[in-house]
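Read the numbers this way: they start at 1 and go in the same order the structure lists the ligands and their atoms.
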Amino acid sequence: AKELGRDNYAFFTEGMDADSRHRLALQSQLRGAVARGEFCVHYQPKVSLQTGELVGAEALLRWHNAALGHVSPAHFIPVAEEYGLINAIGVWVLDTVCGQIRAWRDQGLGDVRVAVNLSASQFAHADTVPLVEQTLRRHGVPASCLNIEITEGSVMGDPDKSVDALHRLKAIGVGISLDDFGTGYSSLAYLKRFPIDVLKIDKSFVDDVAHAASDAAIALSVISLAHNLNMRVVAEGVETPEQARFLASHGCDAMQGYLYSRPLTVDGFTALLRHPRTL
Ligand code: C2E
Ligand code: CA
Ligand code: CA
Ligand code: CA
C-alpha cells in the first residue's frame with residue numbers, strides 16, 4: 001500500500017509539473033504576443049433558421065506563435081486570465097473587430113453584426129463599458145453592430161457589478177448574449193437579473209438533439225423559455241441537416257456551426273458577404 005501510495009504521488013506530481021510547465025510556456029509566449037502581431041480574428045457566420053440567410057458572425061480569436069505553433073483559445077484564454085494578460089488581448093480583439101466592421105461598411109458590404117466573447121476578468125474590469133463605447137466611436141461603428149457574449153462564469157464573480165455593466169452596455173445599444181446556456185449553475189436566476197437578448201444553446205445539447213429525447217427536451221425548453229422572456233435563441237455547433245431541421249421546426253431563431261461554415265478568415269468572410277449563400 002505504501003508502494004502504491006508513493007507511485008501515485010510520483011505520477012500525480014509528474015502530471016502537475018508537465019501541466020504547470022506548459023502553462024508557464026504559454027504565459028511567457030503570451031506576453032508580447034499582441035505586440036508581435038501573433039493574433040488574428042476569425043469570423044464564424046450565424047444564419048437565420050427561418051430564412052437561411054446570413055445574419056452576423058461570432059469573432060473567434062486565433063493565435064499563432066513561432067515556438068508553440070497554433071494554440072487553441074480554449075487553452076490559452078484561461079492562462080491569459082490567470083496571468084492577467086486577458087485585458088490587453090481583449091482590448092486588441094475589440095479594436096480589431098470594430099475596425100473590421102467599419103472596413104466592411106466602407107466596402108459597401110453593409111453593417112455586419114459581430115459577437116465578441118468577453119471573459120470573466122474583462123467583465124470585472126471597471127473600464128470595460130467606457131472601452132466599448134470609445135472603441136465603437138473611434139471606428140464610427142453603430143453600437144447595434146456589436147454583441148457581447150458572456151457566460152455565467154464571466155458574470156458570477158461579481159454579479160452586482162456585472163448587472164450594472166450589462167445595463168450600461170444595453171443602454172448604449174450593444175446586444176448581450178448568454179453563451180453556453182445550460183452548462184452552468186444557476187442559469188434561471190441570471191436570466192431574471194441580466195438584460196439578455198440572446199440565449200445560445202450549448203453544443204453539448206445540440207449534438208444529439210435529433211436523436212436523444214433528453215437533449216431534444218432541453219433544447220425545446222430553452223427555446224420556449226427564451227421566447228417567453230422575449231429573447232432570441234441561437235444554437236451553436238450545428239453540424240448536420242437533421243439538427244438544423246429539428247431546431248428550425250421548433251422555432252430556434254438562428255444557428256452557427258460547421259453545417260453552414262467553420263470560422264472564416266477575414267478574406268473568407270468578405271467573400272461570403274460579396275456572394276451570400278443560404279443554408
Ligand atoms: P465558444 O464561445 O463557445 O465558441 C464556440 C467554439 O465552437 C469555437 O471554438 C468554434 O470554432 C467552435 N465551433 C463552432 N461551430 C462548431 C461545430 O459545428 N462543431 C465543432 N466541433 N465546433 C464548432 P474556438 O474558436 O476554438 O473557441 C473556443 C473558446 O475560446 C470559445 O468558446 C470562447 O470561450 C473562447 N474564445 C474564443 N475567442 C475568444 C475571445 O476573443 N475572447 C475570449 N475571452 N474568449 C474567446
Ligand atoms: Ca461564444
Ligand atoms: Ca458558446
Ligand atoms: Ca460551447
Side-chain angles (χ1 to χ4, degrees), residues 26 30 33-34 38-47 49 56-64 69-100 113-125 128 131-132 135 146-155 157 175-184 187 196-210 219 222 233-244 247 254-265 268-269 279:
L26 281 184
L30 271 174
V34 168
E38 296 178 355
F39 288 112
C40 69
V41 175
H42 283 189
Y43 296 85
Q44 185 173 39
K46 299 191 186 195
V47 290
L49 278 170
E58 176 175 3
L60 292 160
L61 190 56
R62 297 291 177 261
W63 181 31
H64 183 265
H70 290 281
V71 187
S72 160
H75 287 122
F76 71 78
I77 295 281
V79 177
E81 291 205 8
E82 182 183 352
Y83 289 92
L85 303 167
I86 191 70
N87 283 313
I89 296 172
V91 167
W92 182 86
V93 170
L94 204 57
D95 187 59
T96 301
V97 167
C98 289
Q100 189 57 56
R113 301 178 63 119
V114 181
V116 171
N117 292 285
L118 272 204
S119 66
S121 50
Q122 282 176 278
F123 226 84
H125 211 266
T128 294
L131 172 75
V132 169
T135 309
L146 190 67
N147 193 288
I148 296 296
E149 294 198 1
I150 57 166
T151 61
E152 290 166 53
S154 60
V155 289
I176 313 288
S177 300
L178 189 57
D179 203 356
D180 300 340
F181 185 70
T183 60
S187 318
I196 294 157
D197 304 294
V198 173
L199 282 191
K200 294 190 75 177
I201 305 180
D202 190 66
K203 181 179 184 301
S204 59
F205 303 116
V206 170
D207 286 341
D208 290 325
V209 79
V222 173
V233 193
V234 177
E236 68 172 27
V238 176
E239 295 179 343
T240 71
E242 293 73 40
Q243 292 165 344
L247 291 160
M255 61 140 272
Q256 61 186 102
Y258 296 172
L259 173 64
Y260 182 80
S261 174
R262 291 186 175 249
L264 300 170
T265 61
F269 197 84
L279 179 64

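Near Glu239, meaning under 4.0 Å from any of its heavy atoms, are these atoms of ligand 1: 17 (C), 18 (O), 19 (N), 20 (C), 21 (N). Taking a cut-off of under 4.0 Å to the non-hydrogen atoms of Gly257, the atoms of ligand 1 that pass are 15 (N), 18 (O). The contact set between ligand 1 and Gln122, taken as ligand atoms under 4.0 Å from a residue heavy atom, comprises 44 (N). Short contacts between ligand 1 and Glu58, defined as distances under 4.0 Å to a heavy atom of the residue, involve ligand atoms 2 (O), 4 (O). Per-residue contacts place Asp180 under 4.0 angstrom from the following atoms of ligand 1 (heavy atoms of the residue considered): 3 (O). For ligand 1 and Gln44, the ligand atoms under 4.0 Å from any heavy atom of the residue are 14 (C), 15 (N). Of all atoms in ligand 1, listed by their number and element, those nearer than 4.0 Å to a heavy atom of Pro263 are 11 (O).
In this structure, the separation between CG on Leu146 and CD1 on Ile176 is 9.0 Å, given to the nearest 0.5 Å. Rounding to the nearest 0.5 Å gives a distance of 13.5 Å between CD1 of Ile196 and CD1 of Ile148. Within the model, atoms CZ of Phe39 and CG of Leu30 stand 5.5 Å from one another, a figure rounded to the nearest 0.5 Å. Put simply, CG on Asp179 and CD1 on Ile150 are 9.0 Å apart, with the number rounded to the nearest 0.5 Å. Summarising the geometry, atom CG belonging to Asn87 is positioned 6.0 Å from atom CD belonging to Gln122; distances are rounded to the nearest 0.5 Å.
Assignment of Arg62 to the shell around ligand 1 is supported, since a heavy atom sits closer than 4.0 Å. Within the 4.0 Å heavy-atom shell around ligand 1 one does not find Arg262. Contact between Glu81 and ligand 1 is absent, with no heavy atom of the residue lying under 4.0 Å from the ligand. Between Gln256 and ligand 1 there is no heavy-atom distance shorter than 4.0 Å. For the ligand labelled ligand 1, residue Lys200 lies outside the 4.0 Å heavy-atom shell.
In this structure, the side chain to side chain contact (heavy atoms under 4.5 Å, CB included) partners of Glu242, at least two apart in sequence or on a different chain, are Ala210, Thr240, Arg245. Taking Asp95 as the reference, Arg138 meet the salt bridge (charged side-chain N to carboxylate O under 4.0 Å, His left out) condition, with sequence neighbours excluded.
When all heavy atoms of Glu152 and Gly182 are compared, the pair lying nearest together is OE2-N, 4.2 Å. The minimum heavy-atom distance linking Ala219 with Val209 is given by the pair CB-CG2, 3.6 Å.
Taking only nitrogen or oxygen atoms, main chain and side chain alike, Glu149 does not reach within less than 3.5 Å of ligand 1. Ligand 1 has a nitrogen or oxygen under 3.5 angstrom from a nitrogen or oxygen of Leu61.
The side chain of Asp179, and not its backbone, has at least one atom closer than 4.0 Å to an atom of ligand 1 (non-hydrogen atoms only; side chain from C-beta on). Looking at Ile77 against ligand 1, only its side chain comes within 4.0 Å, counting heavy atoms.
Although no hydrogens or angles enter the test, the distance criterion places no donor-acceptor pair under 3.5 Å between the side chain of Glu236 and the main chain of Asp202.
Excluding waters, the set of protein N, O or S atoms lying under 3.0 Å from the Ca ion (ligand 2) comprises Glu58 OE2, Asn117 OD1, Glu149 OE1, Asp179 OD2.
For the pair Trp92/Leu61, a side-chain contact is recorded, criterion being any heavy-atom separation below 4.5 Å from C-beta on. Side-chain contact check for Leu279 versus Met255: some heavy-atom pair is nearer than 4.5 Å.
The heavy atom nearest to atom 29 (C) of ligand 1, considering only Pro45, Ala59, Ala74, is found in Ala74. Taking each of Met255, Glu236, Lys203 in turn, the one with a heavy atom nearest to atom 21 (N) of ligand 1 proves to be Lys203. The heavy atom nearest to atom 23 (C) of ligand 1, considering only Tyr258, Tyr260, Phe76, is found in Tyr258.
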Legend entry - Stepwise side-chain hydrogen bond (donor to acceptor under 3.5 Å, both in side chains) test for Asn117 and Glu58: CA-CA 8 Å; Asn117 292 285; Glu58 176 175 3; 2.8 Å; yes
Inset, instruction - Test side-chain hydrogen bond (donor to acceptor under 3.5 Å, both in side chains) on Thr151 and Asp180 and set out the steps. - result: CA-CA 6 Å; Thr151 61; Asp180 300 340; 5.9 Å; no
Determine all donor-acceptor pairs shorter than 3.5 Å in which one atom belongs to a side chain in residues 72-83; sequence neighbours excluded.
from	atom 1	to	atom 2	distance (Å)
Ser72	OG	Ala74	N	3.0
Glu81	OE2	Ser119	OG	3.2
Glu82	OE1	Arg23	NE	3.1
Glu82	OE1	Arg23	NH2	2.4

